[in-house]
Peer 1: 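Before anything else, here's the structure in question.
Throughout, protein chains are lettered first and strands after them, A, B, ... in sequence-line order, and every chain is numbered starting at 1. Predicted model, so just to flag it, every value in this text is computed and none were measured.
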Amino acid sequence: MPELPEVEVVRRGLERWVGGRTVADVEVLHPRAVRRHLAGADDFVHRLKGHAFGAPMRRGKYLWLPLADSGSSVLAHLGMSGQLLVKTQQAPEEKHLRIRVRFEDAAGDAAPGTELRFVDQRTFGGLSLHENTPDGLPDVIAHIARDPLDPLFDDEAFHQALRRSRTTIKRALLNQSLISGVGNIYADEALWRARLHYERPTATFTRPRTVQLLGHVRDVMNAALSVGGTSFDSLYVNVNGESGYFDRSLDAYGREDEPCRRCGTPMRRRPWMNRSSYFCPRCQRPPRAS
DNA sequence: TGGTTGACCTGATGGC
DNA sequence: TGCCATCAGGTCAACC
């Protein structure tokens, strides 16, 4: 599932193949793939035509392409199964192709004759168009916190937010207004590395504990990024349709009944918030009931 | 106001 | 072989 490392891999691909190119035409094949656009898909198409894409940007799991000379951006969220692919115009259509963007070819294009495709099996993701804030951020994601790989992420502010909250640590890690980019997979991986149970109350966190956890979050994300992200199936791929390899390095997620790589105890899976949490019952002791 | 829950969505899988 | 239930999970509106 696309979390921060996977989205960053896609952003880098877009930077290489799409940045600087001018939109010739847009085809919306599934109206739901255009999000939050009250004027409809036709208006979305009209507003993109003739504009050049600037350098792609990312915050957490969101990425956006600024539209030159417009003060607005095309915002993309991949949801659970979204893909942004750069394909030749002759390439066969994907079964779940939702939006196609064609470009005006120009001298210097890295990949003339190619187009950008948004493919999404479950249609949890989509593209949308928004005005930029003075910081250059699409206005609808102004509430999204910086992600832990952002040099301006404030560790101390995050620690204070944990101390103030009456919640548990995995909920906090998935709260995109506290820290962005972390999803179910990397939350479980970071908590396993930090030997923390997912139900531990955030109000009990000491500053060293928070710093240690953030270090593990960053380590696991950087490790995933270095091998192209995590792919369990064909649902996550980079812009060239290639899978990442980090699933082979996962220590917690998806390892129910397999031995913990630290102590050998069988890993457990517990239903949690309509999803699953994977943990080692020995290394990650549940908090004492208060 | 902050925390929690369920709907959205479709393909894969397993049980009968 | 076909039908049905279940599962996967990020976001956000609605609810408490």
Side-chain angles (χ1 to χ4, degrees), chain A residues 1-8 10 29-38 58-64 75-84 94-99 118-128 130 138-145 147-148 157-158 160-191 198-204 217 221 224 229-237 243 246-247 250 252-257 268-279 290:
Chain A
M1 312 306 160
E3 299 182 31
L4 187 156
E6 292 74 38
V7 178
E8 175 60 17
V10 171
L29 295 104
H30 192 302
R32 196 180 143 79
V34 174
R35 295 302 176 98
R36 312 183 199 192
H37 201 79
L38 295 176
R58 182 189 57 74
R59 176 169 286 192
K61 301 169 198 169
Y62 287 92
L63 63 85
W64 67 94
L75 180 68
H77 195 286
L78 302 179
M80 289 181 58
S81 53
Q83 303 173 348
L84 282 165
E94 293 75 11
K95 184 177 178 184
H96 300 104
L97 177 60
R98 309 302 192 193
I99 298 174
F118 178 69
V119 177
D120 194 359
Q121 178 194 98
R122 296 177 193 163
T123 59
F124 272 34
L127 306 185
S128 52
H130 304 281
D139 52 13
V140 291
I141 61 165
H143 67 289
I144 299 293
D147 60 65
F158 177 67
Q160 294 302 331
L162 289 186
R163 296 283 300 181
R164 282 194 303 271
S165 297
R166 286 194 297 270
T167 189
T168 50
I169 186 58
K170 188 168 172 183
R171 285 178 186 273
L173 286 176
L174 297 186
N175 183 343
Q176 304 295 301
S177 61
L178 287 180
I179 179 171
S180 67
V182 184
N184 201 41
I185 297 171
Y186 295 114
D188 279 358
E189 291 302 307
L191 289 171
Y198 58 93
E199 295 266 285
R200 175 182 274 251
T202 58
T204 67
V217 170
M221 285 184 163
T230 302
S231 306
F232 297 108
D233 47 35
S234 59
L235 287 187
Y236 162 68
V237 293
S243 296
F246 194 66
D247 58 308
L250 294 175
Y253 186 86
R255 299 194 64 245
E256 183 179 19
D257 295 333
R268 289 197 184 146
R269 179 179 75 89
R270 287 283 178 273
W272 181 84
M273 279 180 70
N274 294 325
R275 21 179 89 70
S276 294
S277 271
Y278 296 87
F279 67 105
S290 57

Peer 1: With a 3.5 Å distance limit and no angle check, can you tell me whether R269(A) reaches the backbone of P271(A) through a side-chain donor-acceptor pair?
Peer 2: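 Side chain of R269(A) to backbone of P271(A), a donor-acceptor pair under 3.5 Å: no, none is there.
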Peer 1: Indicate yes or no for a side-chain donor-acceptor contact from R32(A) to the backbone of T123(A) under 3.5 Å, with no hydrogens or angles considered.
Peer 2: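 It does hold such a pair.
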Peer 1: Grab the CG-C1' distance between L178(A) and dG10(C) for me, whole Å please.
Peer 2: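 About 16 Å, once rounded to whole Å.
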Peer 1: Atom CD of E6(A) and atom P of dA8(C): how far apart are they, to the nearest Å?
Peer 2: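 After rounding, the gap between these two atoms is 18 Å.
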Peer 1: Using atom NE2 of H77(A) as one end and atom P of dG10(C) as the other, report the distance to the nearest whole Å.
Peer 2: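 Taking atom P of dG10(C) as the reference, NE2 of H77(A) is at 9 Å.
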Peer 1: If I take atom CH2 in residue W272(A) and atom C1' in nucleotide dA8(C), what distance separates them, rounded to the nearest angstrom?
Peer 2: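 Rounded to whole Å, this separation is 15 Å.
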Peer 1: Please determine whether salt bridge (Lys or Arg N to Asp or Glu O under 4.0 Å) holds for the pair D147(A) and K61(A), giving the CA-CA distance in whole Å, both sets of side-chain angles, and the decisive distance to 0.1 Å.
Peer 2: CA-CA 9 Å; D147(A) 60 65; K61(A) 301 169 198 169; over 6 Å; no
Peer 1: Is R98(A) reaching over with its side chain to a backbone N or O of L29(A), donor-acceptor style, under 3.5 angstrom?
Peer 2: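 No; zero donor-acceptor contacts below 3.5 Å.
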Peer 1: If we ignore hydrogens and angles and just use 3.5 Å, is the side chain of Q176(A) paired with the main-chain N or O of V182(A) as donor and acceptor?
Peer 2: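 At least one qualifying donor-acceptor pair exists.
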Peer 1: In this structure, how many angstroms lie between the P atom of dC12(C) and the CZ atom of R35(A), rounded?
Peer 2: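 Taking atom P of dC12(C) as the reference, CZ of R35(A) is at 10 Å.
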Peer 1: Calculate the interatomic distance between Y186(A) atom OH and dG10(C) atom P; express it in whole Å.
Peer 2: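 Atom-to-atom, Y186(A) to dG10(C), this comes out as 11 Å.
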Peer 1: Starting from C1' on dG2(B), measure out to CG on L162(A) and report it in whole angstrom.
Peer 2: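 Spelled out: CG on L162(A) to C1' on dG2(B) is 15 Å.
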Peer 1: Determine, for nucleotides 3-13 of chain B in 5'-to-3' order, which nucleotides have protein heavy atoms under 4.0 Å from the base (write B), from only the sugar-phosphate (write S), or from neither (write -).
Peer 2: SSBB-BBBS--
Peer 1: Roughly how many Å is it from CZ in R270(A) to P in dA8(C), rounded to a whole number?
Peer 2: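 To the nearest whole Å, that distance equals 14 Å.
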Peer 1: Is R269(A) touching bases, backbone alone, or none of the nucleic acid, heavy atoms closer than 4.0 Å?
Peer 2: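 Contact class for R269(A): sugar-phosphate only.
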Peer 1: Counting N and O atoms only, with roles assigned by atom type, does the side chain of S180(A) sit under 3.5 Å from a partner on the main chain of I144(A), one being a donor and the other an acceptor?
Peer 2: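 Absent.
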